[in-house]
Amino acid sequence: MQLQQWFNNTLTIDFLNIFKYNKDLASKYSLVLSTETKFVQQHPNVILIDLFPTENDRLKIKSALTKNVKAEEILNFFDPSLFFCGNVKNKDELLKILCAKVEKICPTNNQLIKSVLIHEKKLILILEINLLCHTLMNN
């Protein structure tokens, strides 16, 4: 099993029935992993891994077991081509640069930038409404 190989056979692995899972059972384990997304959503302390564990899964497990992750390991979760270091005139320019980088890897037909900009407009509107309400309440 891949997990045993990664951790030099130092893990004791039990397979649990998700329908019998509860807090008492969970408290008996240092770590609970699952390949079932819905199960993980219902149990926030459970870590989601792929059915065929990946290097990212290994890092998630290592992090959970050691509570200590090195910066280099965190960087392994991100595609280096998505990083940006440079000067920009404003937030909109930065968003366009970052979304263009994503488009090269995962084309969205510019739907990503459109979605981000719509989200930004909504956020600004909410902030303006909150500011207006706060001003009215203090007058």
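Worth saying up front: this structure is predicted, and the values here are computed from it rather than measured.
If you take CD on E55 and CG on D50, they are separated by 12.0 Å, rounding to the nearest 0.5 Å. Put simply, CD on E36 and CG on L48 are 9.0 Å apart, with the number rounded to the nearest 0.5 Å.
Pairing each heavy atom of I49 with each of D57, the nearest pair is CA-OD1, 3.4 Å. Residues K91 and E120 share a closest heavy-atom pair of NZ-OE1, 2.5 Å. Of all the heavy atoms in V46 and V40, the pair that sits closest is O-CG1, 3.4 Å. In terms of heavy atoms, V88 sits closest to F84 at CG1-CE2, 3.8 Å.
Between K96 and E93 no salt bridge is recorded (no basic side-chain N to carboxylate O distance below 4.0 Å).
With sequence neighbours excluded, the residues that form a side-chain contact (heavy atoms from CB on, under 4.5 Å) with I18 are F39.
A donor-acceptor pair shorter than 3.5 Å can be found between the side chains of D79 and S81.
For T135 (side chain) and L131 (main-chain N/O), a donor-acceptor pair under 3.5 Å exists by modelled atom type. For the pair S115 (side chain) and L112 (backbone), a donor-acceptor distance under 3.5 Å is absent.
Residues L117 and D92 are in side-chain contact: their nearest non-hydrogen atoms beyond the backbone lie under 4.5 Å apart.
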